[in-house]
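Atoms within each ligand, like the ligands themselves, are counted from 1 in listed order. Residue numbers run from 1 in the order of the sequence given.
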Amino acid sequence: MKEPGVKELARETYSDKFQHMVEIGARQAAGQIDLALLMRASIANNHYDVPGQAGPLRYQSPKLARQVIPGRGQGMIATADIAQGELLICERPLDLIRPGDADWAYGADLEEALTQRLTRRSLHEAQLIEDVCTLFDGEGSDGPRWVPHPWQPEDFAVPMPAGAGTPVLERRLGRIVKHNAHRWPGCHPQTLTPMPGLGLWLVPPMVNHALESDNRPNTAHVFIGDVMVFRATVPIQKGEEILDRYSTPLADRFQWTLHTLAAHGMRDAAYEAAAVRWEEPLEGLGAGAISETTLSSSRKLMLDSLQRMESKEVWINGLQTVSRDEYQELKERYFAAAAETRRALQEGERQELPLAPPEVRCLNLLCPLSFHFEGRSSCLELRAELARRVGLARPFHFGEVKLWAELFDRFRKMEEAGATFSTEETALRAEVDRELARCANFWEGVAQASEAQLSKEEFVLWVKGSEGFHLMWFSNFPLSKFLSGPSTAG
Ligand SMILES: C[S@@+](CC[C@H](N)C(=O)[O-])C[C@H]1O[C@@H](n2cnc3c(N)ncnc32)[C@H](O)[C@@H]1O
């Protein structure tokens with residue numbers, strides 16, 4: 001008689017639910033993960049996590065392999081060509097500290113709290129600690145560095161990791177957390193105030209950081225509840241390294257990124273040189289790279305105008321400290337500099353950052369100023385410009401997704417409140433719809449909108465639940481003022 005396979009055995013022996021789990025497991029092992037289902041499940045669970053029935057979720061594409069990369073420890077290499085949009089990693093955390101947990105507190109040292117948790121768990125969870133100890137601990141030797149005690153027949157429990165419960169293991173776990181833990185974008189369920197957590201995943205930390213000299217990252221990630229998902233943002237050829245970036249394209253100071261890198265023991269000469277070019281001091285980092293090039297004249301003009309505006313401390317002293325002429329000048333100079341960047345990107349030149357922190361500051365400042373001087377239409381346009389620039393710099397990054405989703409939400413709320421739209425606003429709304437659909441199709445994993453399972457509204461609900469909308473002035477500007485504010489005439 002033929003031995004039953006796992007599925008048959010499950011069907012005959014266990015409940016329907018167990019069989020369902022086995023089938024989900026089989027599908028997920030092959031990468032057939034229903035991302036729309038996960039997004040819906042995460043919405044239903046208040047974005048906290050996805051229910052266990054959604055599957056075991058430790059998927060790593062068979063086209064990825066760990067390899068030693070000179071100067072970088074280990075990294076992930078493509079062992080076959082990968083198409084844009086392919087799912088690379090989909091995984092639940094090994095551990096995650098979230099708001100509401102006993103050891104979470106606003107402003108608490110979450111790295112320390114996570115280390116303490118892992119130390120406690122190391123006393124009785126050998127598999128967990130074996131997994132954790134495959135991660136980079138900052139000391140340079142490659143590969144797994146934990147050896148279990150050999151099991152003896154007289155042992156009455158599973159083998160404990162060598163050194164479990166000792167300060168030596170605790171210190172090592174601390175180093176592993178420092179180098180591999182990931183900020184988790186949580187928010188208060190009612191107020192949507194950001195309340196980040198900190199987690200440790202197994203496969204995502206194998207992805208190294210793309211330095212400026214590496215070209216742009218070829219992957220991006222999002223969180224669906226507690227699940228971390230990576231997709232290829234461009235086609236990746238066999239042999240290429242999979243690279244993300246440990247920094248946000250929305251950083252409005254070079255320092256942000258430089259400190260993130262420093263925390264990882266890394267420096268990026270090209271990025272430091274860009275900071276020098278854009279006249280930001282490299283505080284606390286010692287001598288940085290010397291920039292051999294200077295800013296192009298259009299960027300220099302934009303920077304001069306921005307610095308003049310910033311010296312007025314507009315965020316403290318109010319928008320009225322800026323004259324209409326000064327506003328117009330900054331806007332024109334921004335668009336002249338941006339046109340140069342777009343041209344260079346189209347021609348494949350990479351002399352300047354695709355989005356520099358002063359440009360982010362400039363757009364963040366122009367957004368309220370445009371409302372003040374020109375009205376709603378212009379303000380929406382400048383917010384969309386930020387989304388476009390983030391999309392150019394880091395396509396499909398969650399920052400881009402969030403900006404389009406927020407604009408979609410804003411337009412919908414304006415419509416619900418009875419707003420009528422100008423011709424420009426109608427055209428902009430169509431662009432927002434298209435861009436949001438592009439982002440949603442990418443993360444849901446469908447080729448075109450007609451195959452999507454989630455409506456745009458559901459997608460936005462998922463995006464909003466993960467961290468909320470909270471980026472600068474626009475996010476906090478009340479809808480009512482947008483309905484009754486300055487007319488769209490200049
Ligand atoms: C999350 S781990 C990445 C995997 C790690 N390379 C390994 O061997 O397991 C992060 C650490 O990898 C190293 N790393 C990542 N990207 C790098 C890069 N572009 N250049 C040098 N080191 C890098 C840094 O030491 C960083 O703290």
Report the part of L211 (side chain from C-beta onward, or backbone N, CA, C, O) that has a heavy atom under 4.0 Å from ligand 1; answer both or neither where that applies.
side chain

Pairs of nitrogen or oxygen atoms closer than 3.5 Å, one from H179 and one from ligand 1: do any exist?
yes

Quick check: does any side chain N or O of E280 sit under 3.5 Å from a backbone N or O of Q255, one acting as donor and the other as acceptor?
yes

For S296 and E340, does a side-chain donor sit closer than 3.5 Å to a side-chain acceptor?
yes

Test your reading of the model: is there a side-chain donor-acceptor pair from R172 to the backbone of C133, 3.5 Å cut-off?
yes

Using a 4.0 Å cutoff against the non-hydrogen atoms of Q74, which atoms of ligand 1 qualify?
4 (C), 5 (C), 6 (N), 7 (C), 8 (O)

Could you list the residues that satisfy salt bridge (charged side-chain N to carboxylate O under 4.0 Å, His left out) with D304, not counting sequence neighbours?
K300

Let's go through W404 and E400 carefully: what are the C-alpha distance in whole Å and the side-chain angles of both, what is the deciding distance for side-chain contact (heavy atoms from CB on, under 4.5 Å) to 0.1 Å, and is it a yes or a no?
CA-CA 6 Å; W404 291 124; E400 185 200 6; 3.1 Å; yes

If you take the nearest heavy atom of each of M266, R245, R175, which one is closest to atom 18 (C) of ligand 1?
M266

How would you list all residue pairs meeting salt bridge (Lys or Arg N to Asp or Glu O under 4.0 Å) that involve residues 42-57, not counting sequence neighbours?
none

Indicate whether the side chain of N208 and that of E241 have a donor and an acceptor atom separated by less than 3.5 Å.
yes

Tell me whether ligand 1 is touched by G71 - counting only heavy atoms on the residue side and a distance under 4.0 Å.
yes

Run the numbers for me: atoms of ligand 1, each under 4.0 Å from some heavy atom of N180, listed by number.
1 (C), 2 (S)

List ligand 1 atoms under 4.0 Å from H209, heavy atoms only on the residue side.
15 (C), 16 (N), 18 (C), 19 (N)

Of all the atoms in ligand 1, which lie at a distance below 4.0 Å from a heavy atom belonging to G73?
8 (O)

Select one of side chain, backbone, both or neither to describe which atoms of W201 lie under 4.0 Å from any atom of ligand 1, heavy atoms only.
neither

Ligand 1 N/O within reach of D214 N/O, cut-off under 3.5 Å:
no

Atoms of ligand 1, numbered as shown, that sit under 4.0 Å from any heavy atom of P205:
1 (C), 2 (S), 3 (C), 4 (C)

Measure up the H221 and H182 rings against each other and bin them: parallel (under 30°), tilted (30 to 60°), perpendicular (over 60°).
perpendicular

